[in-house]
Every structure is written in structure tokens, then in C-alpha cells.
Amino acid sequence: MKKRVGILTSGGDCPGLNATIRGAAKALYQRFGDDVEIIGVQNGYAGLIHGDWRVMERHEFSGILTRGGTILGTKRTPFKMMKVVEEDNIDKVAAMKKTYKDAKLDCLLCLGGNGTHKTANLLSEEGLNIIGLPKTIDNDIYGTDVTFGFHTAVDIATEVIDRIHTTATSHRRVMVIELMGNKAGWLTLYSGIAGGADIILIPELPYNIENVIKAIQRRADDGKLFSILAVAEGAIDTAEAAMKKKERAAYRREKGIRTATDRIAAQIEQATGFETRVCVPGHMQRGGSPSAYDRVLATQFGTHAAKLVEADQYGVAVAMKNNIVTTNPLKEIAGKTKLVPETCDMLTVARRMGISLG
Ligand code: F6P
């Protein structure tokens, strides 16, 4: 009997999804030859709910190593809605189990971030054979040192900071660069250091705007008439840190604060008189071809998943720990987020460099 292996990609796209799909597929064909069939589920869990799947051909896994995004399509299907029956009257969990059965899957590889792993764990608890593969430019999946997509995003964000230096120095401006990361500041921290940012603000370390202004003023006093801030989209100040999520949203609405970076830029300009601009690279940070690092990581992860399929080892997520590819039980990582800890080496590096963390 042929082994039938399903693959889906869920959540935000990121570089390295196709490279991981390719790694898994090629290693599966190496191991099983014609005794394996790979089933592509379209658009993540939405495809699993709606029975949108097809048997893929070998040639579809060629030429995709360098391609950004995902050949399977992706969608955000929030975990918190998985057990909620909405207007369409569909019991999503039952529908996903039915598709798994209809497609005669022996197992399903779920490529995605935190939300994806929560649903992967739910499906595993429902008795399906699931393997999670950790993707996200946020690098915030618990139990793995790194996720694929992260280092490519760091490269892109670093290039943004490099290029912004030109305008910042020529016009003697303060440039506030908004980088992705609502809860986790890894991308901002790494690219901020790589790009030589003067101030780095991340969600895990609520800032005091007075400290930010002082850091800019100190640079100006030293004759440095420009400053570059790398700010995570989820950066909050110390007053907001004391508020609950809903309270904070209401506070921002009331004050007309659209984004963290808009507010920071306005406060800096008002306090210092320096011309201050915001730059938002947005989804470019997730776009295009994966870096060499991510191609290697994706291939390591994908081929490891194939090995797990051969060993019938399910209910796990692939991970990298101390440079060794390994696994974590899904139930141990689902629902946990890996934030930048106060003890993080990179924070120490930033402080040693005199970078203000607000
Ligand atoms: O999780 C990846 C990520 O790019 C986050 O950094 C960002 O906050 C979010 O997705 C943006 O989501 P969307 O593409 O749905 O706007």
C-alpha cells in the first residue's frame, strides 16, 4: 500500500515554505520511491475544512527551492474559531477529520507558525498523524532556536536599514523604521544590530519616550545629526505596558494613535525639532526568495519530516536545538510563544554597543 502524505501551509507566507515542501517531498521520494503519494492541501486549514486537496506530481516539487511564498497557497484560519460553528454551519474539526479520511492520508505535515501549531496539536489530539514544521519571520515558535523565514527577513530588514542610512545622513533626519513583530522583537533586534540602528524598540521591553529622546539628543550633542530607530510594530511604552490588551486598544483609539512608529516619530519631532520620518517596509520583509541560510534550514527540516514519516513518528514539531535538528511533542509547544528574554545575548550585545533600548 502506498503511503499518502498530506502537506499544507497555513498562516502568513514566508520565505522557505517551498524549500521545505521540496525538502520533504524529495526525501520522501528517495525513501519510498513509487510507494509514496503526496497530497497537497490548498490554502492551509481552510482547504482541509473544505476538502480542497489533490495528489501532486513529482515535477511540481522541482524548481521551487528559490521561490518565495507557497505553491500550496495559504490562509489565516484562527485557532480560536476552530471549535466555533459560524454562519456556514460547518463543524470545522469534524470537516478536517473527514477530509483527512477522504484523502486517505497516513499523515499530514503542517507548515506554519504559532496558530498553525495550535491547530496541528488539536488535530493530533483528535487522533490524526500530524507533524509540525516551524515557519515564521517572527522566530517566536517555542522550543526551536530558529524558524525558517526568519533569517531571510533579517537580511531584508537589514538592507532596509542600510539604505535608510543614506537619507538619514544626507538630510540629517531621524528615521523610524517599523519592522514586523507584534509580540516578538527578534526580527527588530537582529536586523537593528545588523543594520547599525541607534535605538531598538521591541515589544518585550516597553520603552520610555524620554529615554528615546535623550538618546537622540546625546547623539546630536556628539555631532551625529541623524539617528536611526528600528521599532517593532508591537512596541509599547511603559504606560501601555501596565494596561490590558483591550484597554490599550481603547487608549490608542482615544488618543488617535494609529501605529507605534507614527506616535514615536511625532513625539521625537516635537521634543527635538529634528525632522523625523517613518518607513514601513511591511510585507516586503516576507517576500521573495529565501536566503541561503533559510534554504539550508528548510531542507534540513523538510528532510527530517520525511524521516519522521518513515519512522511513523507523529504528534511532534520539527525543531532546531543547539544546531541539531530534533523534535518537540506538539502538546508541549502549542500555545506557547518564544519571546526575547531579558537574558538574551543580543540584548547584552546591544547594550554593550551603546544602542538605546528605550
Ligand atoms: O506572523 C508573521 C507576520 O508577518 C507578523 O510579523 C505580522 O505582525 C503579521 O504576520 C502580519 O500579518 P498579515 O500578513 O496577515 O497582515
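Note that ligands are numbered from 1 as they come in the structure, with each ligand's atoms numbered from 1 the same way.
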Other ILVMFWY residues reachable from Phe274 by side-chain steps of under 4.5 Å
Val174, Val176, Ile199, Leu201, Tyr207, Ile209, Val212, Ile213, Ile216, Leu229, Val231, Ile264, Ile268, Val278, Val280
Checking side-chain contact (heavy atoms from CB on, under 4.5 Å) against Tyr100, which of Leu105, Asp106, Leu123, Ile39 comes through?
Leu105
Show every donor-acceptor pair shorter than 3.5 Å between a side-chain atom in residues 41-53 and any protein atom, with sequence neighbours excluded, or say none if there are none.
unit_1: Tyr45; atom_1: OH; unit_2: Thr116; atom_2: O; d: 2.8
unit_1: Tyr45; atom_1: OH; unit_2: Ala120; atom_2: N; d: 3.3

Qualifying side-chain hydrogen bond (donor to acceptor under 3.5 Å, both in side chains) pairs with a residue from residues 209-220, counting only residues at least two apart or across chains:
Asp198-Arg219, Arg219-Ser227
Is a salt bridge present between Arg351 and Glu342, judged by a nitrogen-to-oxygen distance below 4.0 Å?
yes
In Thr147, Thr20, Thr9, the residue satisfying side-chain contact (heavy atoms from CB on, under 4.5 Å) with Leu133 is Thr20
The protein residues that pass the under-4.0 Å heavy-atom test against ligand 1 are Arg76, Ile137, Asp138, Met180, Gly181, Asn182, Glu233, His283, Arg286
